[in-house]
Amino acid sequence: MARTRSPAYDDQREMILAHAADLFARRGYPATSMNQLAEACGLSKPTLYHYYRDKYALLVQIAEGHVGRLAELVAEIEAEGLPARPRLHRLIIRFVQEYAGAQNAHRVLTEDVRFLEEADRERILVTERRVVDGFARALGELRPDLDAARLAVPVSMLLFGMINWMFTWLRPDGSLDHETMAPIVADLFLGGLPHVSVPAPPPRGDTP
């Protein structure tokens, strides 16, 4: 007979993931041991291994879970059928808000992805590209000239440059929070977007 899972099994896995993300974010993936994680979770080490086979499995799950949730956000917002500008505005707001509750996972994705094996890293990068493409589609509809010049993705990456590194200066106990900053980021990006000019192509020389 197949062994059934405890009703609390998924909750326990999420609890372990949350503690692992916190430790990885504060100490770094290489400096965190399974002993330290078991202690943080209030579990025995054998119990911890019942849920995750090793520390690497936790790293993969944290990174893949975080970027997967971002991809889901893109799909949810695109399914709303909004025009390009309000869709892009909503994407920015929702992403900044999502990062508020996922700062540890985001830091792990940003700083510890280099410790992933090539196949796992590539799979996560593919999902990240899908996320960026969702922003680039809205941007390309809003500014077809940027899309035609193949600048929709690079400009979207500039936006992510603003969003992705907020965790380095926006402190949980500070006077500002993600909820306050979200519309500021949206206004700053969308307000400046009309002033982005498409660079003229370089002159062609007479020789190849």
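Both backbone and side-chain heavy atoms feed into the values below; hydrogens, waters and symmetry mates do not.
- The ring pair (Phe, Tyr, Trp, His ring centres under 6.0 Å) search around His66 returns Tyr99, His106, not counting sequence neighbours.
- Leu82 and Leu139 fall into different hydrophobic clusters, where Ile, Leu, Val, Met, Phe, Trp and Tyr side chains are chained together by heavy-atom contacts under 4.5 Å.
- Summarising the geometry, atom CD1 belonging to Ile16 is positioned 9.0 Å from atom NE2 belonging to His19; distances are rounded to the nearest 0.5 Å.
- Taking every heavy atom of both residues into account, Ala63 and Leu109 meet most closely at CB-CD1, 3.9 Å.
- Between Phe95 and Val185, the closest side-chain pair of non-hydrogen atoms is not below 4.5 Å.
- Of the inter-residue distances, the one linking Arg94 atom CZ with Leu73 atom CG reads 5.0 Å to the nearest 0.5 angstrom.
- Checked by atom type and distance alone, the side chain of Lys55 pairs as donor or acceptor with a backbone atom of Tyr29 at under 3.5 Å.
- The minimum heavy-atom distance between Pro154 and Arg150, with the atom names listed, is CD-O, 3.6 Å.
- Under the 3.5 Å distance criterion, the side-chain polar atoms of Lys45 are left unmatched by any main-chain donor or acceptor of Met34.
- At distances below 3.5 Å, not a single donor-acceptor pair connects side-chain atoms of Arg87 with backbone N or O atoms of Glu78.
- When hydrophobic clusters are built by joining Ile, Leu, Val, Met, Phe, Trp and Tyr residues whose side-chain heavy atoms come closer than 4.5 Å, directly or via intermediates, Val132 is not grouped with Leu125.
- Surrounding CD of Glu72 are more than 12 heavy atoms belonging to other residues, nucleotides or ligands, all under 6.0 Å away.
- No path of Ile, Leu, Val, Met, Phe, Trp and Tyr side chains, each step under 4.5 Å between heavy atoms, connects Trp165 with Leu70, placing them in separate hydrophobic clusters.
- A heavy-atom distance below 4.5 Å is not found between the side chains of Ile62 and Asp112.
- Inter-residue side-chain proximity for Phe135 and Val155 is flagged as unmet; no heavy-atom pair is nearer than 4.5 Å.
- Cluster annotation: Ile184 and Ile93 are assigned to distinct hydrophobic clusters (Ile/Leu/Val/Met/Phe/Trp/Tyr, side-chain heavy-atom contacts under 4.5 Å, transitive).
- Partners of Asp187 by side-chain hydrogen bond (donor to acceptor under 3.5 Å, both in side chains), not counting sequence neighbours: none found.
- At least one donor-acceptor pair closer than 3.5 Å links the side chain of Tyr56 to the backbone N or O of Glu117.
- One finds the CZ atom of Phe167 at 10.0 Å from the NE2 atom of His178 (value rounded to the nearest 0.5 Å).
- When all heavy atoms of Ala136 and Ala152 are compared, the pair lying nearest together is O-CB, 3.7 Å.
- Interatomic distance, Trp169 CH2 to Met181 CE, rounded to the nearest 0.5 Å: 4.0 Å.
- In this structure, Arg143 contributes its side chain and Leu193 its backbone to a donor-acceptor pair below 3.5 Å.
- Atom CG of residue Asp133 and atom OG1 of residue Thr127 lie 11.5 Å apart, to the nearest 0.5 angstrom.
- Residues satisfying the ring pair (Phe, Tyr, Trp, His ring centres under 6.0 Å) criterion with Phe189, sequence neighbours excluded, are absent altogether.
- A donor-acceptor pair is defined here as one N or O able to donate and one able to accept, closer than 3.5 Å; no such pair exists between the side chain of Arg27 and the backbone of Thr32.
- Asp120 and Arg123 are joined by a salt bridge, as a carboxylate oxygen and a charged side-chain nitrogen come within less than 4.0 angstrom of each other.
- Here the side chains of Pro199 and Leu151 are in contact, with some heavy-atom distance below 4.5 Å.
- Contact check for Leu43 versus Met15: side-chain heavy atoms found under the 4.5 Å cut-off.
- For the residue pair Asp177 and Leu170, the shortest heavy atom distance occurs at C-CD2, 3.9 Å.
- Geometrically, Arg13 engages Tyr52 in a cation-pi contact defined by less than 6.0 Å to the ring centre and at most 45° from the axis.
- Counting all heavy atoms, side chain and backbone alike, Ala84 lies closest to Ala138 at CB-O, 3.5 Å.
- When hydrophobic clusters are built by joining Ile, Leu, Val, Met, Phe, Trp and Tyr residues whose side-chain heavy atoms come closer than 4.5 Å, directly or via intermediates, Val74 is grouped together with Met157.
- A salt bridge is defined here as a Lys NZ or Arg NE, NH1 or NH2 lying under 4.0 Å from an Asp or Glu carboxylate O, and Arg121 with Glu118 fails to meet this definition.
- Here OG1 of Thr47 is found 8.5 Å from CD of Gln12. Values are rounded to the nearest 0.5 Å.
- Minimum heavy-atom separation, Ile124 to Val60: CD1-O, 4.5 Å.
- Ion pairing between Glu122 and Arg129 holds under the 4.0 Å rule for side-chain N and carboxylate O.
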